[in-house]
S.K.: 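Before I ask anything, here is the structure I am working with.
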Amino acid sequence: MFYRIMTTISFHTVLNFPAFLNKPWCRTRSNPSSTAVQLSSIFIQTDETRIPADSKKIMGSVAAVVRCQAPNSLLTQENTVGILGGVSVFSTLIFLEKLVWWSSRHGEDCIPFVVCSDPTINREFLPPISSPFFLKEKNAQFPLNHGPIVEKLRCKRAFLEQSGARCIVMPCHLSHAWHSEVSEGCPLPFLHVGECVARELKAAKLRPLEAGSNVRIGVLGIDESLMAGFYREKLESQGLEVVLPDMATMEHIVIPAIEALRRKDMEGARNLMRIAVNVLLVKAVNVVVLASDEMQGLLSRDDPLSKKCINPMDALARSTLRWAKSIQNLHT
């Protein structure tokens, strides 16, 4: 999948440098020479039919560009999207694939974007799924010492701004726990996945399944405090009632499902996920928002339950494309 993404993108920049964000550039602007050393993993691709013959030439030209340009001159298109990668590199890649295919499936050029990914956030700061934070602490804050995570994410955001991004998106559920802090002071549009989901559900004009009640939306994830936070706030702001799994469901069904998935017990994880979704459906919810990267793809497309579930990152991708297309139309 990664190769397919890299070879079909018409013009973009991809960066992955775990150690780069520990440099002092995010506090003070680096000079061009220091930037040239640190940006050794930049790739600028052209049409896939040219890649096999010209890849070495392209990489050589990129090195020359980096030696003489500052980060804010990497991309200049008005509809450039900055993608702030989260704790899962694979989730970032899946989001990229959606942007690429959905924006170019009618023969159009893919929208320009720049990606910044730092997987060290996952191993350095976040607790394991079996920790007491996820299993027992109902009122725990996620996580208690989130200052270093926010600082890293803000540095990545600043890099995307300097690289030419005109809009920021963050295709990661966990990172959205600190969206307000990461986006503070950002001069660019910074899309929120919860707002994208809420707007689409509101526009769908769903009808209550029970007479006299509001439209109910189930939210299923691995952390109750995260779900009850930004997803509940954004959905309720659109007049939608949010239904969350209770603590027993979380402890005996949801968490074991994720643990089974990490043991590569796909059948066990899938069966538990079906139970968790049904627990919410019997409460007369119209749809279930799968608010976890790890839950995506557990239910097969031909499973009837999958038609009752939505992937929030699809809504984020659609909103991103609408923004990019609208800006493009303004400048054509």
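What's counted below: heavy atoms across the whole structure, side chains too, no hydrogens, waters or symmetry copies.
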S.K.: Just how far is it from atom CZ of R154 to atom CD of E184, taken to the nearest 0.5 Å?
M.R.: 5.5 Å

S.K.: List the steps, then state whether side chain to side chain contact (heavy atoms under 4.5 Å, CB included) holds for S183 with I168.
M.R.: CA-CA 9 Å; S183 63; I168 307 293; over 6 Å; no

S.K.: Is the shortest heavy-atom distance from the side chain of F95 to the side chain of T320 under 4.5 Å?
M.R.: yes

S.K.: What is the minimum heavy-atom distance between H192 and G194, and which atoms define it?
M.R.: ND1-N, 2.8 Å

S.K.: How would you list all residue pairs meeting ring pair (Phe, Tyr, Trp, His ring centres under 6.0 Å) that involve residues 284-328, not counting sequence neighbours?
M.R.: none

S.K.: When hydrophobic residues are tied together by side-chain contacts of less than 4.5 Å, even through go-betweens, does V81 share a cluster with L330?
M.R.: yes

S.K.: Just wondering, do D293 and I94 contact through their side chains at under 4.5 Å, heavy atoms?
M.R.: no

S.K.: Distance check, rounded to the nearest 0.5 Å: L298 atom CG versus N271 atom CG?
M.R.: 10.5 Å

S.K.: Taking the side chain as every heavy atom from C-beta outward, state whether L201 and V215 have any atom pair closer than 4.5 Å.
M.R.: no

S.K.: Could you tell me whether a side-chain N or O of Q296 sits under 3.5 Å from a main-chain N or O of L290, the two making a donor and an acceptor?
M.R.: yes

S.K.: For a quick test of reading the model, state the closest non-hydrogen atom pair linking S306 to S300 and the distance between them.
M.R.: OG-O, 3.2 Å

S.K.: Can you confirm whether N214 sits close enough to L240 that some side-chain heavy atom of one is under 4.5 Å from a side-chain heavy atom of the other?
M.R.: no

S.K.: Starting from I222, can I reach L272 by hopping between I/L/V/M/F/W/Y residues whose side chains sit under 4.5 Å apart?
M.R.: no

S.K.: Describe, in one word, how the ring planes of F230 and H176 are oriented to each other, choosing from parallel (under 30°), tilted (30 to 60°) and perpendicular (over 60°).
M.R.: tilted

S.K.: Say whether L188 and L160 are linked into one hydrophobic cluster, either directly or through other cluster members, by side-chain heavy-atom distances under 4.5 angstrom.
M.R.: yes

S.K.: Could you grab the distance from atom CD1 of I253 to atom CG of L220, nearest 0.5 Å is fine?
M.R.: 9.5 Å

S.K.: List the atom of G85, the atom of T92, and the distance in Å for their closest heavy-atom pair.
M.R.: CA-OG1, 3.6 Å

S.K.: Does the pair R199 and S319 meet the rule for a side chain to side chain contact (heavy atoms under 4.5 Å, CB included), with working shown?
M.R.: CA-CA 10 Å; R199 283 196 299 266; S319 295; 4.2 Å; yes

S.K.: List the atom of V285, the atom of V288, and the distance in Å for their closest heavy-atom pair.
M.R.: CG2-CG2, 4.0 Å

S.K.: Ignoring hydrogens and angles, tell me if any N or O in the side chain of S175 forms a donor-acceptor pair with the backbone of C172 under 3.5 Å.
M.R.: no

S.K.: Taking side chain as C-beta onward, heavy atoms only, is D314 less than 4.5 Å from K98?
M.R.: yes

S.K.: How many angstroms lie between CD in E259 and CD1 in I255, if you round to the nearest 0.5 Å?
M.R.: 7.0 Å

S.K.: Would M313 and S91 satisfy side chain to side chain contact (heavy atoms under 4.5 Å, CB included), going step by step from the backbone distance to the final call?
M.R.: CA-CA 9 Å; M313 294 305 155; S91 296; over 6 Å; no

S.K.: Examine distances only and state if a side-chain atom of T80 and a backbone atom of P112 form a donor-acceptor pair shorter than 3.5 Å.
M.R.: no

S.K.: Does the R216 side chain pair with the main chain of V243, one donor and one acceptor, at a distance under 3.5 Å?
M.R.: no

S.K.: Give the cluster check for I258 versus L299: same hydrophobic cluster or not, with ILVMFWY residues linked at side-chain heavy-atom distances below 4.5 Å.
M.R.: yes

S.K.: Quick one, M295 and V254 - any side-chain contact, counting heavy atoms below 4.5 Å?
M.R.: yes

S.K.: For R207, does its backbone N or O pair with a side-chain atom of N286 as donor and acceptor, under 3.5 Å?
M.R.: yes

S.K.: Begin with the C-alpha distance, continue with both residues' side-chain angles, and end with the deciding distance and a verdict on side chain to side chain donor-acceptor pair (under 3.5 Å) for T249 and D246.
M.R.: CA-CA 5 Å; T249 300; D246 57 25; 2.6 Å; yes

S.K.: Kindly compute the distance separating CD1 (I217) from CG (L280), expressed to the nearest 0.5 Å.
M.R.: 11.0 Å

S.K.: Output yes when a side-chain donor or acceptor of H106 lies under 3.5 Å from a complementary backbone atom of E108, and no otherwise.
M.R.: no

S.K.: Can you tell whether the side chains of R270 and D303 come within less than 4.0 Å, N to carboxylate O?
M.R.: no

S.K.: Verify the cluster assignment for V242 and V279: are they in a single hydrophobic cluster under the rule of side-chain heavy atoms below 4.5 Å apart?
M.R.: no

S.K.: Which is it for V193 and H179 under the side chain to side chain contact (heavy atoms under 4.5 Å, CB included) test, yes or no, and what are the steps along the way?
M.R.: CA-CA 10 Å; V193 66; H179 183 279; over 6 Å; no

S.K.: Tell me the closest heavy-atom pair linking M250 and P256, and the distance in Å.
M.R.: O-CD, 4.0 Å

S.K.: Between L261 and M266, what is the shortest heavy-atom contact and its length?
M.R.: CD1-SD, 3.4 Å

S.K.: Are the side chains of Y231 and L244 in touch, meaning some heavy atoms are under 4.5 Å apart?
M.R.: no

S.K.: Of the options Q77, E78, E161, which is the one that meets R166 in a side chain to side chain donor-acceptor pair (under 3.5 Å)?
M.R.: E78

S.K.: With a 4.5 Å heavy-atom cut-off, do C196 and R318 have their side chains touching?
M.R.: no

S.K.: Taking atom NZ of K156 and atom NZ of K152, what is their separation to the nearest 0.5 Å?
M.R.: 8.5 Å

